[in-house]
Amino acid sequence: MNDRIVDVDWLAERLDAPNVAVVDVRDAWEYEGIGHVPCAVNVPFDTFRAEEHGAAEAGMLPGADVFAGIAESAGIAPDDEVVAYDDTHGVFAARFLVTAELYGHDPARLHLLDGDYSVWNRSQPTTTDAPDGADEEPDEEPDDATDDPYPADFRTDGPLIDRETMAAAVDDPDATIVDTREEWEYEEGHIPGAVRLDWRELVDTDARTVRPEAELRELLGARGIDPDDRVVLYCNTARRISHTYTVLRALDYPEIAFYEGSLTEWEREGGELETGGSETDGSDS
């Protein structure tokens, strides 16, 4: 796999590099009380999600101005290598990375820490100290602050697609629609023709890391998720697909569409649903 997903050693070797920004998306009480990766800044998940669906450009995106403010406060520069982590197998951290990509950060500079905080904590030092500059008065510029405003701009040419494009994919024989929710959710109702792939199937829950590449490719192949096809991802509110999107990008899948509106928008707009299981579900989940 490429370095869309990086291990603990990769980050440890670069932790003090000036162009590496480490983002902890856990709640503040976890970041402050339990500990965090040294130099990591805290950007809790709910700060980069809209309060309601469709409040900004699409789905649960926070809006370009809001994200720019978050990046500036976190000391993230547009050319930084950003490494994000959580303590939930990376699903919340992946959402931060996808959000950054949709607002223009170079995707080649966005990395998910494999194994989340718990794996880092097993072998690397942690701290409860705030990073340098975090306790500065608001009118003082922290040492790691960016000199210029973060240039967040919603990418209309990015992987995000709207409901009309999603509807067109249903009838496209070259598109593979992937539902990344749990089996019971899929069976209660899914977009017609969708293949079920619970995002957690991509994770080794004991090791807390993404499964080995060979296992991932075997699983994806068994579900008919072919890298030669156009892969179209959805869940309920585009959180869970963020992790699947990140894994597929790490596997160099070339064409992945990200339906930000997901099933929340699809149902609200009267989209058709199928119920029951799928012939391609398999029995290895």
Side-chain angles (χ1 to χ4, degrees), residues 1-6 59 89-91 94-95 97-98 101-102 107-108 110-112 114 155 157-183 185-187 189-205 209-236 238-263 266 271-285:
M1 291 192 288
N2 62 42
D3 65 3
R4 285 286 190 122
I5 300 175
V6 298
H89 305 303
V91 66
R95 176 64 190 186
L97 297 172
V98 171
E101 178 177 346
L102 293 174
L110 296 170
H111 315 280
L112 178 68
D114 195 16
R155 284 187 57 193
D157 63 341
L160 188 147
I161 61 170
D162 58 18
R163 184 188 175 282
E164 289 70 25
T165 306
M166 181 74 232
V170 172
D171 298 319
D172 183 354
D174 294 325
T176 301
I177 301 172
V178 180
D179 184 316
T180 65
R181 302 173 301 150
E182 295 182 48
E183 183 175 8
E185 295 175 288
Y186 177 89
E187 291 180 349
H190 55 269
I191 292 176
V195 174
R196 184 184 67 80
L197 179 74
D198 187 332
W199 74 272
R200 295 173 301 179
E201 295 180 76
L202 304 177
V203 175
D204 180 329
T205 54
T209 57
V210 171
R211 291 168 64 174
E213 180 175 351
E215 292 183 14
L216 291 172
R217 293 195 184 278
E218 181 179 2
L219 171 62
L220 293 166
R223 299 293 171 86
I225 304 171
D226 193 317
D228 292 333
D229 291 340
R230 179 169 180 261
V231 179
V232 184
L233 303 172
Y234 78 92
C235 57
N236 282 337
R239 173 178 59 86
R240 288 175 279 187
I241 64 174
S242 299
H243 186 274
T244 307
Y245 175 85
T246 300
V247 173
L248 294 181
R249 284 298 191 208
L251 292 170
D252 292 317
Y253 273 60
E255 191 172 2
I256 312 170
F258 191 97
Y259 181 29
E260 172 67 29
S262 276
L263 210 62
W266 183 262
E272 180 185 354
L273 293 179
E274 289 182 341
T275 58
S278 168
E279 293 180 0
T280 55
D281 273 355
S283 58
D284 54 349
S285 61

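The analysis underlying the following values was restricted to heavy atoms, covering all of them including side chains, and did not include hydrogens, waters or symmetry mates. What you are looking at is a predicted structure, and each value in this text was computed from that prediction instead of being measured.
Under the 3.5 Å distance criterion, the side-chain polar atoms of Glu201 are matched with a main-chain donor or acceptor of Asp198. Of the possible polar contacts, none joining the Glu187 side chain to the Gly277 backbone as a donor-acceptor pair under 3.5 Å is found. A donor-acceptor pair is defined here as one N or O able to donate and one able to accept, closer than 3.5 Å; such a pair exists between the side chain of Glu274 and the backbone of Gly193. With hydrogens and angles disregarded, a donor-acceptor distance shorter than 3.5 Å links the side chain of Arg217 to the backbone of Leu251. When atom types are taken as modelled, the side chain of His190 and the backbone of Asp179 share no donor-acceptor pair closer than 3.5 angstrom.
Between Leu110 atom CG and Thr246 atom OG1 the span is 9.0 Å, to the nearest 0.5 Å. Separating the OG1 atom in Thr205 from the CZ atom in Arg211 is a distance of 9.5 Å, to the nearest 0.5 Å. Rounding to the nearest 0.5 Å places CZ of Arg240 at 12.0 Å from CG of Leu197. If you take CZ on Arg223 and CD on Glu218, they are separated by 11.0 Å, rounding to the nearest 0.5 Å.
Smallest separation of non-hydrogen atoms from Thr275 and Gly189: CG2-CA, 4.3 Å. The two residues Cys235 and Thr180 make their nearest non-hydrogen contact at CB-OG1, 3.4 Å. The minimum heavy-atom distance between Tyr186 and Ala194, with the atom names listed, is OH-O, 2.6 Å. Here the closest heavy-atom approach between residue Leu233 and residue Ile241 is recorded as O-CD1, 3.7 Å. Nearest heavy atom pair, residue Phe258 against residue Ser242, reads CZ-OG, 3.6 Å.
Applying the ring pair (Phe, Tyr, Trp, His ring centres under 6.0 Å) test to Tyr259 and every residue at least two apart in sequence or in another chain returns nothing. Under the rule for a side-chain hydrogen bond (donor to acceptor under 3.5 Å, both in side chains), the partners of Glu182 that lie at least two apart in sequence or sit in another chain are Trp184, Arg200. When the side-chain hydrogen bond (donor to acceptor under 3.5 Å, both in side chains) test is applied to Asp157, the partners found at least two apart in sequence or on another chain are Arg155. In this view, His243 and Trp199 satisfy the ring pair (Phe, Tyr, Trp, His ring centres under 6.0 Å) rule, not counting sequence neighbours.
Looking at Glu101 and Arg95, no side-chain N of the basic residue comes within less than 4.0 Å of a carboxylate O on the acidic one, giving no salt bridge.
Residue pairs that meet the salt bridge (Lys or Arg N to Asp or Glu O under 4.0 Å) test with at least one member in residues 241-256, sequence neighbours left out, are Arg230-Glu255.
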Could you go through residues 163-177 and list every donor-acceptor pair under 3.5 Å that involves a side-chain atom there, pairing it with any protein atom two or more places apart or in another chain?
{"from": "Thr165", "atom 1": "OG1", "to": "Asp162", "atom 2": "OD1", "distance (Å)": "2.8"}
{"from": "Asp172", "atom 1": "OD1", "to": "Asp174", "atom 2": "N", "distance (Å)": "2.9"}
{"from": "Thr176", "atom 1": "OG1", "to": "Asp229", "atom 2": "OD2", "distance (Å)": "3.2"}

